[in-house]
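Accompanying notes for the structure given below.
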Amino acid sequence: MAVTRFAPSPTGYLHIGGLRTALFSWLWARKTGGKFLLRIEDTDLARNSEEALEAIIQAFDWVGMSYDGEVLYQSRRFDIYKKYIQQLLDEGKAYKCYMSKEELDALRESQMAAGERPRYNGKYRNFAGTPPEGISPVIRIKAPQEGRISFVDGVKGEFSVSADEVDDFIIARSDGTPTYNFVVAIDDALMGLSDVIRGDDHLYNTPKQIVVYNALGFSLPKFYHVAMINNEQGKKLSKRDGATDVMEYKKLGFLPEALLNFLVRLGWSHGDQEIFSLEEMVALFEPKNLSRSSSNYNLDKLLWLNAHYIKNKPNADLAELLHPLGVDIRGHDKIELLLDATKERGKTLVELANQIKLILHRPEEYDEKAVKKAFKGEAKEILAEFAHMLQSWEKTLHLPCDYHEVLEKIVETKEIGFGKIGQPLRISLLGSMTGSGLDEIMAILGVEETVARIHCAIAAIE
RNA sequence: GGCCCCAUCGUCUAGCGGUUAGGAUCCCAGGUUUUCAUCCUGGUUACCGGAGUUCGAGUCUCCGUGGGGUCACCA
């Protein structure tokens with residue numbers, strides 16, 4: 001039974017990298033029948049934004065990941081942190097440091113100038129004199145001064161840093177508010193986390209947090225530091241690389257299951273399997289299969305997955321998803337035909353919507369090149385003849401195969417190839433040379449609209 | 001710069017001392033389709049470099065190179 005968490009700071013939208021670590025955590029909790037908790041890291045009161053939090057929850061909602069229990073806000077737990085700060089102070093494991101920001105900056109600068117690593121010099125670690133006037137102190141925790149701080153990472157394996165890489169870092173600011181590494185350790189412990197899965201940009205926070213765990217006598221969870229996602233060029237992923245906001249993918253016409261499937265395969269694998277339903281992910285996920293190396297974002301693969309999920313989605317569901325994109329075919333009497341004719345042709349819902357619009361709306365213009373190629377010779381006469389045949393057909397035209405009969409008939413009686421009628425007809429109906437099958441399109445449009453479009457084309461094309 | 005992490009087709013990855021180095025995507029070719037797409041078949045392309053260890057190394061060790069992370073009174 002794993003207890004995991006996702007702990008974003010509400011300073012912006014949910015990033016796909018964040019979604020991926022959240023997904024790993026979520027999968028692990030669900031697989032083991034444990035809990036997946038959500039905690040908001042808002043200790044820096046100045047940087048919070050309500051919208052950011054809503055955006056995160058909205059994104060979780062969209063992809064269908066659910067968290068357990070209440071959302072925990074660190075900003076509402078300051079008295080808990082204060083209690084622990086006092087405890088450490090009382091036990092002599094933390095101390096007040098009266099070094100001003102200016103003094104600290106100067107110290108850093110001189111260290112840098114001397115080619116040293118900037119770090120706190122421990123000036124107030126064992127301070128017993130009278131504190132300087134007019135300075136509200138920060139509180140620093142006593143970190144070990146020798147040896148190594150080590151732990152076993154679930155992804156990286158044995159990991160350790162020298163104690164002098166970790167100085168007596170600040171656990172409470174001069175205004176009394178607690179800092180990140182302190183509260184993370186406390187909350188992770190108090191929330192009963194068994195596994196902390198996060199990006200490996202946190203690798204260096206872990207030793208600091210271990211200092212807090214040890215000072216407070218908490219036992220350590222298991223840590224997993226997942227390698228980052230880079231852009232297609234292998235560089236750090238930034239907004240310039242296209243969509244990094246999870247909700248942007250919704251706008252672009254991606255299905256959440258495609259995005260999740262894409263992300264789960266970035267840094268995780270299960271043999272040769274590429275397609276994973278949410279249920280399969282839950283069943284098959286193992287943190288031990290997490291990759292040690294970073295991976296690159298790859299739009300082609302995402303598009304391929306998205307196309308796959310669109311093709312396999314029930315038409316009624318697609319109709320619902322298409323509605324917000326400006327195509328309302330819910331309740332359309334030809335909905336099955338319409339979607340069957342188009343859904344293999346769109347890599348995104350947006351493309352699918354455009355395909356449908358193309359069929360549903362009369363073309364306003366005709367592709368010039370296509371016209372030039374197809375409207376040669378007696379194309380117009382053939383079209384007119386075809387329109388006439390449609391109107392005077394003895395049987396009721398209903399299914400695609402009915403229309404196909406008419407097409408076959410004209411090919412036979414006029415002794416022409418399929419292309420002679422097919423190409424101009426396609427242009428008349430859609431305005432271009434590509435698109436869904438003609439039989440299907442005509443069956444969707446019906447005789448009246450099909451004939452109308454043919455006449456429009458004959459009139460409009462030179 | 002210090003410390004640390006990482007390194008298999010362009011990309012995502014399988015491999016866990018002995019394989020013709022596998023799959024997927026992309027790309028190309030052929031087939032299917034009146035078109036496009038789908039689908040099917042086939043093809044091109046990879047162990048970063050160098051030393052070791054070993055009968056044998058993509059797999060282990062070291063060095064180099066490249067990429068990344070991190071060094072806040074941010075999270």
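Every chain is numbered from 1 and lettered A, B, ... according to where its sequence line falls, protein lines coming before strand lines.
The pair A:Glu165-A:Arg119 does not count as a salt bridge, with every side-chain nitrogen at least 4.0 angstrom from each carboxylate oxygen. Classification of A:Arg265 and A:Glu274 as a salt-bridged pair holds, one side-chain N sitting under 4.0 Å from a carboxylate O. Salt bridge status for A:Lys380 with A:Glu378: absent, with no side-chain N to carboxylate O gap under 4.0 Å.
Here B:A7 is the nucleotide among B:A7, B:A75, B:C73 with the atom lying nearest to any side-chain atom of A:Ser293. Nearest nucleotide to the side chain of A:Lys311, out of B:U38, B:U34, B:C73: B:U38.
At the heavy-atom level, A:Leu438 lies under 4.0 Å from base atoms of the strands shown. Using a 4.0 Å heavy-atom cutoff across all strands shown, A:Met433 reaches at least one base atom of the nucleic acid. The residue A:Arg119 sits apart from the nucleic acid: no heavy atom pair falls under 4.0 Å. At a threshold of 4.0 angstrom between heavy atoms, the contacts of A:Gly267 are confined to the sugar-phosphate backbone, with no base atom among them. Base engagement by A:Asn205 is indicated by at least one non-hydrogen atom pair under 4.0 Å involving a base atom.
Listed pair A:Ser295 / B:U13 meets the phosphate criterion, a side-chain N or O lying under 4.0 Å from OP1 or OP2. Residue A:Arg292 places at least one side-chain N or O closer than 4.0 Å to OP1 or OP2 of B:C6.
The separation of B:A21 from B:C47, taken at their P atoms, amounts to 12 Å, rounded to a whole angstrom. Taking atom P in both B:A75 and B:G68, the straight-line distance is 26 Å, to the nearest Å. A distance of about 12 Å separates the C1' atoms of B:A14 and B:G58, rounded to the whole Å.
Shown for residues 155-166 of chain A: residues whose heavy atoms fall under 4.0 angstrom of RNA chain B, namely A:Lys156, A:Phe159, A:Glu165.
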